[in-house]
Amino acid sequence: MPEALEVSITAPIVSFRNPLYAGMQVHLPCPPPSTVGGMLAASVGGWDQVPDQTRFAMTFMADGAGVDLETYHPEGAPGTPTNITIKDREFLAHTTLTLWLTADLDLWENALRRPVWPLRLGRSQDLVTVRTNRVELASGGGRQGHAIVLAETEGVLGTQLLLTTAISTGRDRFRQDAYRYSSGGARAHIASCLATESGQAVLLLPPVHPKQLATAA
């Protein structure tokens, strides 16, 4: 059975703004793969230290949600004054993000135990706690549960979301893909995938490294 590094990431509060809504604080129910990739890059000291083909599978759960107030600084043209305002901000509370990495296990295990930069998820102030564990995965399929999976995967359920997979280092280009996610957990059984001992489906998502954008171009 293949070995994987299982990474449990917990945070009291997180918020993931939906970039499709300019000037509005609309949030996503789960982190985009690009956000998780950025956190992994922080653990090793930057994208130059991340293997080009880095992929992971992930699940995400939140015990609650709420709304607070946040100072909003709209962008304007150089030299143009903008009006700072207060807006409602949706957030998720008591969250657990679980990752499975199947390659470069020593690299990620060491980096996540002693990260080069502070690990955050979502906003810059949302620090996380990380625990790692080596596990064995079995073939034969598993349940979708709270997994974030590509929408094209046969038999998956949940809300379809357009999430950012990778962002260029200059932040001038990005790749988005269609995913499905069920915040309440989906009972769908996915046949062609690996699974944990408890039966959670483990489906690797596309590579998140910015170099993938150059390759695609």
Side-chain angles (χ1 to χ4, degrees), residues 3-18 25-46 49-50 54-68 70 89-137 142-149 158-159 161 163-165 179-186 194-205 208:
E3 186 180 34
L5 182 68
E6 184 178 85
V7 185
S8 177
I9 301 159
T10 56
I13 295 290
V14 295
S15 181
F16 311 110
R17 190 180 69 82
N18 192 330
Q25 296 296 89
V26 178
H27 86 136
L28 293 165
C30 61
S34 60
T35 295
V36 178
M39 186 192 66
L40 291 176
S43 73
V44 293
Q49 307 303 317
V50 177
T54 294
R55 303 174 66 189
F56 49 79
M58 64 176 178
T59 63
F60 180 76
M61 292 183 289
D63 289 340
V67 178
D68 63 6
E70 184 173 59
R89 177 187 68 96
E90 297 174 307
F91 63 85
L92 300 169
H94 302 291
T95 63
T96 301
L97 169 68
T98 304
L99 306 180
W100 289 271
L101 295 137
T102 58
D104 305 298
L105 304 191
D106 291 339
L107 168 70
W108 295 117
E109 188 171 44
N110 293 332
L112 291 167
R113 286 178 175 176
R114 297 180 63 86
V116 175
W117 295 330
L119 300 184
R120 304 178 174 94
L121 191 62
R123 302 180 307 161
S124 60
Q125 62 265 51
D126 293 335
L127 296 172
V128 301
T129 299
V130 178
R131 295 180 176 85
T132 62
N133 184 40
R134 297 278 184 119
V135 299
E136 290 187 342
L137 302 177
R143 68 180 182 280
Q144 181 180 341
H146 293 87
I148 300 163
V149 298
T159 303
L161 302 167
L163 302 178
T164 305
T165 300
Y179 295 86
R180 285 197 181 275
Y181 172 68
S182 173
S183 58
L194 298 172
T196 65
E197 185 178 28
S198 64
Q200 171 63 57
V202 175
L203 295 100
L204 293 176
L205 303 181
V208 294

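Small disclaimer: the values here were computed from a predicted structure and weren't measured.
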### Summary
Looking only at heavy atoms, the pair that brings Leu119 and Met39 closest together is CD2-O, 3.6 Å

### Message
Looking at every heavy atom in both Thr95 and Ala62, which two are closest together, and how far apart are they?
### Response
CG2-CB, 3.8 Å

#### Entry: Interatomic distance, Thr196 atom OG1 to Glu136 atom CD [nearest 0.5 angstrom]
12.5 Å

### Task
Could you tell me whether a side-chain N or O of Arg55 sits under 3.5 Å from a main-chain N or O of Leu205, the two making a donor and an acceptor?
yes

### Query
Which heavy-atom pair separates Gly45 from Trp117 by the least distance, and what is that distance?
O-CH2, 3.4 Å

### Task
Determine the minimum heavy-atom distance between Cys30 and Ile148, stating which atoms define it.
CB-CD1, 3.7 Å

#### Entry: Gln200 (side chain) donor-acceptor with Ala195 (main chain) under 3.5 angstrom
no

### Query
How close do Val202 and Ala57 get, heavy atom to heavy atom, and via which atoms?
CG1-CB, 3.5 Å

### Task
Sequence neighbours left out, what pairs pass side-chain hydrogen bond (donor to acceptor under 3.5 Å, both in side chains) with at least one residue falling in residues 101-112?
Asp106-Arg134, Glu109-Arg113, Glu109-Arg134

### Message
Would Val208 and Val36 count as a side-chain contact (heavy atoms from CB on, under 4.5 Å) here? Give the steps.
### Response
CA-CA 9 Å; Val208 294; Val36 178; over 6 Å; no

### Task
Any chance you could measure Leu28, atom CG, to Phe60, atom CZ, to the nearest 0.5 Å?
10.5 Å

## Note on the structure
Rounded to the nearest 0.5 angstrom, the CG-NE2 distance for Leu92 and His27 is 5.5 Å

### Task
Could you check Met58 against Leu97 for side-chain contact (heavy atoms from CB on, under 4.5 Å), going step by step and ending with a plain yes or no?
CA-CA 7 Å; Met58 64 176 178; Leu97 169 68; 3.9 Å; yes

### Message
Just verifying a value: how many Å separate Leu204 CG and Leu101 CG, rounded to the nearest 0.5 Å?
### Response
8.5 Å

### Query
Below 4.5 Å, heavy atoms only, C-beta onward: do Thr159 and Pro29 meet side chain to side chain?
no

#### Entry: Non-hydrogen side-chain atoms of Gln49 and Ser43 separated by less than 4.5 Å
no

Check: residues 4-14 side-chain donor-acceptor pairs under 3.5 Å, at least two apart:
residue: Glu6; atom: OE2; partner: Trp100; partner atom: NE1; Å: 2.9

### Query
Could you state the interatomic distance from OG (Ser183) to NE2 (His146), rounded to the nearest 0.5 Å?
7.0 Å

### Query
Counting only N and O atoms by type, is there a donor-acceptor contact under 3.5 Å from the side chain of Ser34 to the main-chain atoms of Thr164?
yes

### Query
Of all heavy-atom pairs between Pro118 and Ala42, which one has the smallest distance, and what is that distance?
O-CB, 4.2 Å

### Message
Distance check, rounded to the nearest 0.5 Å: Asp126 atom CG versus Arg120 atom CZ?
### Response
9.5 Å

